[in-house]
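Here is the structure we will look at, set down as structure tokens.
Per chain, numbering begins at 1; letters A, B, ... match sequence-line order.
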Amino acid sequence: MALLHVENLGIHFGPPEDPVRAVDGISFEMAAGETMALVGESGSGKSVTALALTRLLASPPARYVSGRIEFEGRDVLRLPERELRALRGSGIAYVFQEPSSSLNPVFTIGYQIREAIDLHRPEIRDVTGEIVRALDTVGIREPEKRLNDYPHQLSGGMQQRVMIAMALACRPRLLVADEPTTALDVTIQKQIMDLLKALKQQSNMAILLITHNFGLVADFADRVLVMFQGRIVESGPTAEVLRNPQHLYTRALIECVPKLGQKQRRLKVIDYAGIN
Amino acid sequence: MNQTNFVHESYAQRIWRRFRAEPFARNGLWTILVLFAVAALAPFLANSHAIIRVADGRVTFPIFPSLEPIEWRFLLYVPLAGLAWLFRRRLFARPLGGATFLLALVILIEVWLVFHHVVNDPTNDRDRPAAFKLMPLVPFSPVETASEPFLPPSWTHPCGTDSTGRDIAARMLHGARTSLSIGFVAQSIALSIGVTLGSLAGYYRSWPDIAICRLIEIMDCFPPLLLILVAVSLFESQNNMFYIMAVIGLTTWTGMARLVRGEFLRLSGLPFTLAAQAIGAGDLRVIVRHILPNALGPILVAGTFGVASTILLESSLSFLGFGMQAPTPSWGDILGESRLYIDFAWWLAFFPGLAILITIMSYNFVGEGLRDAVDPRLRIK
Ligand SMILES: Nc1ncnc2c1ncn2[C@@H]1O[C@H](COP(=O)(O)OP(=O)(O)OP(=O)(O)O)[C@@H](O)[C@H]1O
Ligand SMILES: [Mg+2]
């Protein structure tokens, strides 16, 4: 049985007569422990898809117009509020794009990780020890001291590590990382991606990596979904899609990644006239 | 030297440090604390009974049996608040546990007060012989006809006497309780309603927001004073302090609701709200534990200014004769009486007026200090 099964999901915004079709009938599956990348340009509906997985998208303004989302056999779109809350975090956990504003500025990071543990693993006795371990896992040095820090006392990279630690503290079956490195500079990007790779190897948690950068996908994801204007235009094993992209849009996206050792006068720009 | 150093400092600590750096705000806060201490200790500062009396080989404390419930409340709650503040770390190590403990104490005190019997002893200890007696600073009770009417300030009556010969100083000391507690409690009621409705409107948006905004607009069509006058004339039990508090609180919450709604609209759109929901926090938890602490600064500022304007409102009510009724002393009431005799008894207007002025100014200084302290754009050492 698949861990996650999405079928013909449709999500609209705006007036029903003339809706913005943010997600326009997409279907995909993820197996337990699998890593998958969801690639597409800005505005293609990646974040909307990700948030819909636990019905995090407030409705209104969003309208779930069609389809089903099944997580471990349960119908997410019809789940009662209580079970939905239990699913958020321990079933599917998120890491968002902007670590600086995703942490609550008035609480210490230790307090925020503690909340995640209290909510999903109340059986744990030594919560402080668990927080220290969580911070240690994501590579924060001297975690005993750091847990009393406030978010503004940490660098962007460290903040994102804390967000990851918070997500992992819930022991999720699926981690959704929505552009986890976009707000960070290039060297920090690599560190965070290395951390995610290490986590992938250590646990059998499934990871859905959302990005608009094909460069990050190659040595990370088992499979790739390419999204364009609310639809999935291409999917398959990463190596295959990279070697032989079928859709013009995928080809354009791949060419947008600057390659090392290859002289390029200017950055490629996607030519929409050719695709539509 | 422009040196960046990472001091471990919480949001509250930072505000407190910046607040303390401002002399007006600091002194305003001290004045308010002193006023509360005076209000709490009023029965021991001005009373016709002795604090300690030794007679016939017996030691008695004649003040205690005559204390009214409201006097007990001040006597117990003001130090309790102080202690809770001193031990806040240990008390709120588990926030829910600390709150439950305090609530249990309050309920215990209130239940005791319901069954408590007040002894009404009209005699005074001033002229009663005793082997030893310690009289309060002002040896008059606020309700007794102690001397001639309209005595100007003197050593016996430092603030003079009123039209029925009651001591103004005693009435002022006891009146502090009325003014301060009405300001505090009425504003707390307004704050609770405003924060609740404002946060619901700002968090849920759509129809709760529409309903609450319309309610605010309707309330704002009537000046609070008008609403209060109507409410007071509708019901008869005018001498009840809680009644006045409730009426003022129920009519002055709209400003707070608007403010909190705006803060919630802003904060609930920020990623940390989404992040909290994403780890499975329910609506109530997100509202109370995640968003509200971020809005606390502005709420505190508005609440402080609110207390000042509530005290003024109560004084206006008493002045117009709609507030607390005699013999319960209140500053506004003394001031209201003065208007009939202003051409010869200046002290009737001067002392309560001064007390109201000082209180309002102190609250406004604290409010301004807080506002500057929470505003990160202002640079204060
Ligand atoms: N709250 C909203 N109200 C109206 N439209 C929305 C809302 N949220 C998203 N949309 C629309 O849904 C579409 C998809 O947005 P989405 O955030 O999923 O893009 P994305 O692929 O994540 O882009 P990015 O790479 O910039 O994060 C966009 O066209 C956007 O205008
Ligand atoms: Mg996005």
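At most 12 non-hydrogen atoms from other residues, nucleotides or ligands lie less than 6.0 angstrom from CD of A:Glu142. B:Tyr204 OH: more than 12 foreign heavy atoms inside a 6.0 Å radius. More than 12 heavy atoms of other residues, nucleotides or ligands shown are found within 6.0 angstrom of CG on B:Leu86. Within a 6.0 Å radius of CG in A:Asp126, other residues, nucleotides and ligands contribute more than 12 heavy atoms.
Both the backbone and the side chain of B:Arg289 come within contact range of chain A, with heavy atoms under 4.5 Å apart. Of the atoms belonging to A:Ser102, heavy atoms from both backbone and side chain fall under 4.5 Å from chain B. Only the side chain of A:Leu119 comes within less than 4.5 Å of a heavy atom of chain B; its backbone N, CA, C and O stay farther away.
Shown here for A:Phe96 and B:Ala275, the closest heavy-atom pair between the two residues is CE1-CA, 3.8 Å. Minimum interatomic distance between B:Asn294 and A:Asn104 (heavy atoms only, all atoms of both residues): ND2-OD1, 2.8 Å. Counting all heavy atoms, side chain and backbone alike, B:Pro293 lies closest to A:Val106 at CB-CG2, 3.8 Å.
A heavy-atom distance below 4.5 Å is not found between the side chains of B:Gln277 and A:Tyr94. Residues A:Leu51 and B:Leu274 are in side-chain contact: their nearest non-hydrogen atoms beyond the backbone lie under 4.5 Å apart.
Counting heavy-atom pairs under 4.5 Å between each of A:Gly89, A:Ser90, A:Ala93 and chain B puts A:Gly89 at the top. Note: B:Ala278 leads B:Ala276, B:Ala281, B:Ala278 in heavy-atom pairs under 4.5 Å with chain A. Most heavy-atom pairs under 4.5 Å with chain B: of the set A:His120, A:Glu98, A:Met163, A:Gln112, this distinction falls to A:His120.
Here B:Ile279 contributes atom CD1 and A:Ile113 contributes atom CD1; the two are 10.0 Å apart, rounded to the nearest 0.5 Å.
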